[in-house]
Protein chains: 2
Amino acid sequence: MSSATRKPPDREEDLTARARIRDAAIDCFGQRGFNVPVREIAERAGVSPALVMHHFGTKANLLAACEDHVTRLIREVKTESVTSGDQQTILHQIAEAEEFAPYLAFLFRCLQAGGELARTLYERMAADVEAYLDAGVKAGTVRPSRDPRARARWLAANGAGTFLMFVTLREPGPDVDFRKVIREWTAEFALPALEVYTEGLLADRSMLDAYLLYVSDPPEESS
Amino acid sequence: MSSATRKPPDREEDLTARARIRDAAIDCFGQRGFNVPVREIAERAGVSPALVMHHFGTKANLLAACEDHVTRLIREVKTESVTSGDQQTILHQIAEAEEFAPYLAFLFRCLQAGGELARTLYERMAADVEAYLDAGVKAGTVRPSRDPRARARWLAANGAGTFLMFVTLREPGPDVDFRKVIREWTAEFALPALEVYTEGLLADRSMLDAYLLYVSDPPEESS
DNA sequence: CAGGATGCTGAACATGCGTTTAGTCTGTTG
DNA sequence: CAACAGACTAAACGCATGTTCAGCATCCTG
């Protein structure tokens, strides 16, 4: 069902060398992290290491070009899904299509490494979640919140962070099969997540009420 | 209230050189990650880089010694808190005492780097959460779960992962003030977390019921 | 065809880092 | 005191890796 419905990215072998290097870099960065040697990227692209520098000047520039390219790809997919009215988290959206796996891996490394792109990625996810929840509240399927923005950000951080943790914990080999990871992830956590999100975790309101009282009249900081 | 109640770790300056190197390594690893050069650790300890090798043989050994030491420290704190009947997550427990900040930073790096210690750390947290929730269920403050173990693991991954995400996103400088991070973290996320945990997120049971139906009679995998 | 731009390469260079080596200093022991 | 052991250091080694250099081939342009 999810094999070839979307536009497949240009991954053929008759690309310009620059593009081939970029794609190889995205693959290598995603599978092995940003510390992968330039020589390995060059080898994967079938060119000499010097050509990488010839086209991108520096490794940091190459990484930036990869970020640019993936960002552009995301934006395309996103606007496409918006026009088709399909509402989901970016991560899941991208995870759907098998051929996007390299880009997903790359994004994961960005999230793992922090930095500017990680922040914008997170902000985008949080905004998506907020819009999604807002629609749900209006439709009556999601409970309203005292602070919708904070709730959305928390849920986004939860999702991304839990996934990050999950992958980090099971990373003995150098390469990660993200399709598999996502499958295992949902298999392990879908039930408890749905359970808590549906029925809650705490049996009474005492903690929440105590906190609400606390924030409305915060005690002095010691020291 | 949390200044000097627990036993302060031996951080005086009249330690054996080996111990000084180990402590310096814990500090450096925690503040700058495991990629910190041996030379910097040596400088911080006030010794020559060669002495580090003389005492630990290799950088990996030094890291292992740090893990050992911190693990031992955790165990001490944990048994101490068990005998005093104070039940909390390890992370919060340790975060309480200011003087444990370097160890907390080191543990965070372990979690971030993955590997064996990260796994055992996570397992320990999950087990703690499970026991904690179990007590709560028995006491009537926590709702029962269809799969208490999975719920505990999910919550543990959520907590650790969200924190990991939070720190990763705000790490421009080389060093991290974990006291401050934890304060900001709770300030931003305490309300939505309590809200969701108390009142739930979804307004109706349709998703949960659909999933329960799904797992009881899973459809075929395509392909 | 001359000449330059472009794509590309093998080899070398520079640097950072883990580690080794050879040797010094100090204290202890017989 | 001689001899030895352990703590400790300056300097160097070896390796990985980012980057540069000088040159070769090819193709376009006049």
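Lettering of chains follows the sequences in order, A, B, ..., and the numbering in each one begins at 1. Owing to the predicted nature of the structure, the values given are computational and were not obtained by experimental measurement.
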**Student:** Starting the side chain at C-beta, find the nucleotide from D:dT19, C:dT9, C:dT19 nearest to A:Leu51.
**Tutor:**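 Taking heavy atoms from C-beta onward, the closest nucleotide is C:dT9.
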
**Student:** Nearest to the side chain of A:Ser48 - D:dC8, C:dC8, C:dT9?
**Tutor:**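 Of all the options, the side chain of A:Ser48 is nearest to C:dT9.
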
**Student:** Could you state the CG-P distance from A:Leu63 to D:dG18, rounded to the nearest angstrom?
**Tutor:**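 Spelled out: CG on A:Leu63 to P on D:dG18 is 12 Å.
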
**Student:** Using whole Å, report how far NE2 of A:His54 lies from P of C:dT9.
**Tutor:**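 It is 10 Å, rounded to the nearest whole Å.
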
**Student:** Taking atom CD of A:Glu43 as the centre, report whether more than 12 heavy atoms of other residues, nucleotides or ligands fall under 6.0 Å from it.
**Tutor:**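 Atom CD in A:Glu43 is not packed in, count stays at 12 or less.
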
**Student:** So, is A:Thr58 near the phosphate of D:dG18, with a side-chain N or O under 4.0 Å from OP1 or OP2?
**Tutor:**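 Looking at the OP1 and OP2 atoms of D:dG18, neither is under 4.0 Å from any side-chain N or O of A:Thr58.
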
**Student:** Does the D:dG18 base have a donor-acceptor partner in the side chain of A:Arg39 within less than 3.5 Å?
**Tutor:**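 By the distance-only test, yes, there is a pair.
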
**Student:** To the nearest Å, give me how far apart CD (B:Glu43) and C1' (C:dC17) are.
**Tutor:**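 The answer, rounded to whole Å, is 15 Å.
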
**Student:** Check whether B:Lys59 reaches the backbone of B:Val52 with its side chain - one donor and one acceptor, N or O, closer than 3.5 Å.
**Tutor:**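 Flag not set: sc B:Lys59 to bb B:Val52 has no pair under 3.5 Å.
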
**Student:** Quickly work out the B:Met53 CE to C:dT19 P distance and round it to whole Å.
**Tutor:**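 It is 4 Å, rounded to the nearest whole Å.
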
**Student:** For the pair made of CZ in B:Arg18 and P in D:dA7, what is the distance, rounded to whole Å?
**Tutor:**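 It works out to 10 Å between those atoms.
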
**Student:** Calculate the interatomic distance between B:Phe34 atom CZ and C:dC17 atom P; express it in whole Å.
**Tutor:**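 Taking CZ of B:Phe34 and P of C:dC17, I get 17 Å after rounding.
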
**Student:** Does a side-chain N or O from B:His55 land closer than 4.0 Å to OP1 or OP2 of D:dC8, or not?
**Tutor:**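 For B:His55, the contact criterion (side-chain N or O under 4.0 Å from OP1 or OP2 of D:dC8) is met.
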
**Student:** From C-beta outward on A:Ala50, which listed nucleotide comes closest to its side chain: C:dC17, D:dC8, C:dG10?
**Tutor:**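 Per side-chain heavy atoms of A:Ala50, the pick is C:dG10.
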
**Student:** Starting at atom CG of B:Asn35, determine the distance to atom P of D:dT17, rounded to an integer number of angstrom.
**Tutor:**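 Interatomic distance, CG of B:Asn35 to P of D:dT17: 12 Å.
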
**Student:** Quickly work out the A:Arg32 CZ to D:dT17 C1' distance and round it to whole Å.
**Tutor:**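 It works out to 13 Å between those atoms.
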
**Student:** When you measure from the side chain of B:Arg109 to the backbone N and O of B:Gln31, does any donor-acceptor pair fall under 3.5 Å?
**Tutor:**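 Checking the backbone N and O of B:Gln31 against the side chain of B:Arg109, a donor-acceptor pair under 3.5 Å is found.
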
**Student:** Looking only at the side chains, is there a donor atom on one of B:Ser145 and A:Glu195 sitting less than 3.5 Å from an acceptor on the other?
**Tutor:**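 B:Ser145 vs A:Glu195: donor-acceptor pair found between side chains.
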
**Student:** Looking at A:Leu62, is its backbone amide N or carbonyl O close enough to the side chain of A:Arg22 to form a donor-acceptor pair, meaning the two atoms are under 3.5 Å apart?
**Tutor:**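 No: the side chain of A:Arg22 does not pair with the backbone of A:Leu62.
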
